[in-house]
J.: 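So that we are looking at the same thing, I have put the structure below in structure tokens.
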Protein chains: 2
Amino acid sequence: MSRIEDVAKAAGVSTATVSRALRGLPKVSEQTRAKVLAAATELEYVASPTASSLASGKTHVVGVVVPYVTRWYFAGLISGASEVLREHGFHVLLFDVGDEGPQRALLLDSRMLFKRVDAVLVLSLRLHEAERELLCRLNIPVVTVGVPDPNWPCVRIDDLGTTQQATEHLIGLGHTRIGYIGGDTVPSMDFPTPADRARGFRDAMARHGLDVEPSSVVMGDWSPLSGLTVGLELLGRPDRPTAVVAASDELALGILAAARQLGLRVPQDVSVVGIDDHEMAELYGLTTIAQPVVEQGRMATRLLLSAVAGLDTGHDVATVPTTLVLRTSTAPPTQP
Amino acid sequence: MSRIEDVAKAAGVSTATVSRALRGLPKVSEQTRAKVLAAATELEYVASPTASSLASGKTHVVGVVVPYVTRWYFAGLISGASEVLREHGFHVLLFDVGDEGPQRALLLDSRMLFKRVDAVLVLSLRLHEAERELLCRLNIPVVTVGVPDPNWPCVRIDDLGTTQQATEHLIGLGHTRIGYIGGDTVPSMDFPTPADRARGFRDAMARHGLDVEPSSVVMGDWSPLSGLTVGLELLGRPDRPTAVVAASDELALGILAAARQLGLRVPQDVSVVGIDDHEMAELYGLTTIAQPVVEQGRMATRLLLSAVAGLDTGHDVATVPTTLVLRTSTAPPTQP
DNA sequence: CTGAAAGCGCTTACAG
DNA sequence: CTGAAAGCGCTTACAG
């Protein structure tokens, strides 16, 4: 492949001029620019990204760090981020690091990111303290999604609000015995989403003077199958609740399956409401609190690119709104 | 951050020796290596990836090109590929290019990949002729998944075999009026999966002397929602089939939803079999032909890395086996 | 086993 | 508006 010097010779100018002309920098005469473009096209010249990165210090690559690519939420975030990055001529270096605790320490180490990316997008990942320090010392823009961090801006939804809204929807329909299926078997301080959603449920119940029976709050691991398991447990009891709030649609779909297995009709025998508006929610008529996942990926990326461009983006938390989507899985209780 | 020269000075050796020692190259005395390692650790030295790429011509980055990250199948492939690449010290540059026809031409252009990656993984993407040429001219290893290409090795399943196997399962149960829901509204020669799967169904029917009524073969777009739509159409008729083969589990889940809406019991009134073994298949008791998606991502990546290492991997198509997973969505027809 | 030096292919002040 | 030259930070024959 041809190098910048070949183009310079062909156009009869210096390599500096070729560099300026091809990047659209000002202070190049139209005539010269045309000559250079013609030569570059003729020679099928493409600048070597490694060489220009070394010289300029810019890679035009953004690191995108996720715990899983296979979960609906993360795939949506990646999709939104990738779209905006591509529009702006940036590339995506994907780090699918897993969510394992200590053993991940080595995965996100300095050699992975150092000098390799211009900025980092951290998608709903509970960072270890060492990782947080590392990211700080990289001294490049960082934006997080889902999990606020004092060091950087964050885009997220109001987790507390989602389950509040879901719970109040059920209360508004007349339910009083309401169960909750959460998404974390091992509550941890550094990943607030599960705790926040659980608290949203309890807050709403308390505000309306309703009791929460300890046995009607159960925990899964966010997957549909665990929703089935804990759903069977919760709905299999004689004193089962008349309605259930699930911390995610994937859990809620598991609960719908559990209801079906137990011969319970939805919504006549039990109402179910989820969080997310997953692709499958519409299929199963699941009432849910919709969150704009792809759009959160886009927003975070726009913020990140502003920071790359030198703008001060602060450390604010941007909270995007969620909306109640009414379908057929919720209705007033039949025996009030 | 410190440069190689700082380490060289601190260790009292040349930069060439630092480079060799740190990369574990032979012909460095243990004593020297120890000195260098100590100095590097002390200075927290990390080699600049751009500088070493420019000097060596190797980036240790692999381009992973997909049409979508949000579909189950692609997320699984990415996950498997990413895992193997990380184990071998390679990075993932993700290209989420979309599946739009002509307008994608510009997306996968030479500047995206040229000198940026050591190899490319093409995940179930119908390449345009221009893209194919471009990839060839890059002169780096390429492996495809799902769609065979004469230029490169491919990892895939036997698409024909999946629907054959699914159809023969239904025939074995005694069904004779069997419908088919395919995954492509616009059949195209360059993406053989939809056509192969449809043919597998027809072949199996023909082999057993069974008729395929034209009206019992309908097409969706792979999504669960389109499965619902065409499922309502297919199962809503008085002469509906007693069993349905779906080209994917996502379509099959839509059909299950259609059956439910129509008040049909599964499997008593209609049997349904899918392809994939999607996460949700187990939840809904869907009988299916399982394909190992993550493993296909891993296999293709191992093949790619062999080629990067200089081994001749040929242009073979590796076909990985699929297996029938029996659940509760299929049974003998009630009125034979 | 080790070092001096060229080279990878750009970009960027600096000078004009 | 344009060019000569230094520099980005490594790796790699080559020589010893």
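These numbers come from the heavy atoms of this one structure, side chains and all, not from hydrogens, waters or symmetry mates. Just so we're on the same page: letters track the sequence lines, and every chain starts at 1.
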J.: If each of Arg23(B) and Arg20(A) is mapped to the nucleotide of DNA chain D with the nearest heavy atom, which maps nearer the 5' terminus, i.e. the 5' end?
T.: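 The answer here is Arg20(A).
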J.: Any chance the side chains of Arg302(A) and Ser306(A) put a donor and an acceptor closer than 3.5 Å?
T.: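 No.
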J.: State whether a side-chain donor-acceptor pair under 3.5 Å links Arg86(A) with Ser82(A).
T.: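 Their side chains do not contain a donor-acceptor pair, so the 3.5 Å distance test is not met.
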J.: Taking only the side-chain heavy atoms of Val28(B) (C-beta and beyond), determine which of dT2(C), dT12(D), dC10(D) contains the nearest atom.
T.: dT2(C)
J.: Output the rounded distance in Å from CG (Leu54(A)) to C1' (dC10(C)).
T.: 8 Å
J.: Could you tell me if Asp118(B) and Thr59(B) have a donor-acceptor pair between their side chains, going purely by distance under 3.5 Å?
T.: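 A donor-acceptor contact under 3.5 Å links the two side chains.
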J.: Provide, to the nearest angstrom, the distance between the NZ atom belonging to Lys58(A) and the P atom belonging to dG7(D).
T.: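 Distance, rounded to whole Å: 21 Å.
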J.: Of the non-hydrogen atoms in Cys136(B) and Trp152(B), which two are nearest, and what is the gap between them?
T.: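 Closest approach of Cys136(B) to Trp152(B), heavy atoms only: SG-CZ2, 3.7 Å.
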J.: Over how many whole Å does the gap from Glu30(B) atom CD to dC1(C) atom C1' extend?
T.: 12 Å
J.: Show your reasoning for whether salt bridge (charged side-chain N to carboxylate O under 4.0 Å, His left out) applies to Glu44(B) and Arg137(A).
T.: CA-CA 12 Å; Glu44(B) 297 187 303; Arg137(A) 290 201 317 181; 3.4 Å; yes
J.: Check the side chains of Thr50(B) and Ser53(B) for a donor-acceptor pair under 3.5 angstrom, ignoring hydrogens and angles.
T.: no
J.: Is Thr32(B) touching bases, backbone alone, or none of the nucleic acid, heavy atoms closer than 4.0 Å?
T.: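 Sugar-phosphate: the residue Thr32(B), judged by heavy atoms under 4.0 Å, touches backbone atoms but no base.
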J.: Lys115(A) has an atom NZ; how far is it from atom P of dG9(D), in whole Å?
T.: 6 Å
J.: Report yes if at least one side-chain N or O of Thr17(A) is closer than 4.0 Å to OP1 or OP2 of dG3(D); otherwise report no.
T.: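 Answer yes for this pair, as a side-chain N or O of Thr17(A) is under 4.0 Å from OP1 or OP2.
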J.: Have Thr193(B) and Asp159(B) got a donor and an acceptor in their side chains that come within less than 3.5 Å?
T.: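 Present: a donor and an acceptor within the cut-off.
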J.: Nearest-Å distance, CD (Gln31(A)) to P (dC1(D))?
T.: 12 Å
J.: May I have the distance from Tyr45(A) (atom OH) to dT11(C) (atom C1'), rounded to whole angstrom?
T.: 10 Å
J.: For Arg3(A) and for Ala16(A), locate the closest nucleotide of DNA chain C by heavy-atom distance; then report the residue assigned to the nucleotide nearer the 5' terminus.
T.: Arg3(A)
J.: Counting only side-chain heavy atoms from C-beta out, which of dT2(D), dC8(C), dG9(C) sits nearest to Lys27(A)?
T.: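 Between dT2(D), dC8(C), dG9(C), the one nearest the side chain of Lys27(A) would be dT2(D).
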J.: Expressed as a whole number of angstroms, how long is the span from Arg116(B):CZ to dC8(C):P?
T.: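 After rounding, the gap between these two atoms is 20 Å.
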J.: Between the side chains of Lys9(A) and Asp6(A), is the shortest nitrogen-to-carboxylate-oxygen separation below 4.0 Å, so that they form an ion pair?
T.: no
J.: Where the side chain of Ala55(B) is concerned, which of dG9(D), dG7(D), dG3(C) is the nearest nucleotide?
T.: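 Between dG9(D), dG7(D), dG3(C), the one nearest the side chain of Ala55(B) would be dG9(D).
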J.: Between dG9(C) atom P and Glu5(A) atom CD, what is the distance in whole Å?
T.: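 Taking atom P of dG9(C) as the reference, CD of Glu5(A) is at 10 Å.
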J.: Can you see if the side chain of Ser53(B) gets near the phosphate of dC10(D) - specifically, an N or O under 4.0 Å from OP1 or OP2?
T.: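 Indeed not, no polar side-chain atom of Ser53(B) lies that close.
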J.: Given dG3(C), is OP1 or OP2 found less than 4.0 Å from the side-chain N or O atoms of Thr15(B)?
T.: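 For dG3(C), neither OP1 nor OP2 has a side-chain N or O of Thr15(B) closer than 4.0 Å.
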J.: How would DNA chain D look in dot-bracket form, 5' to 3', counting Watson-Crick and G-U wobble pairs with both distances under 3.5 Å and writing | for bases paired to another strand?
T.: |||.||||||||.|||
J.: Looking at dC10(C), I'd like to know if its phosphate oxygens (OP1 or OP2) sit under 4.0 Å from a side-chain N or O belonging to Ser19(A).
T.: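 For dC10(C), neither OP1 nor OP2 has a side-chain N or O of Ser19(A) closer than 4.0 Å.
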J.: So, does Ser14(A) get its side chain near the phosphate of dA4(D), meaning an N or O under 4.0 Å from OP1 or OP2?
T.: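 Ser14(A) to dA4(D) OP1/OP2: no side-chain N or O under 4.0 Å.
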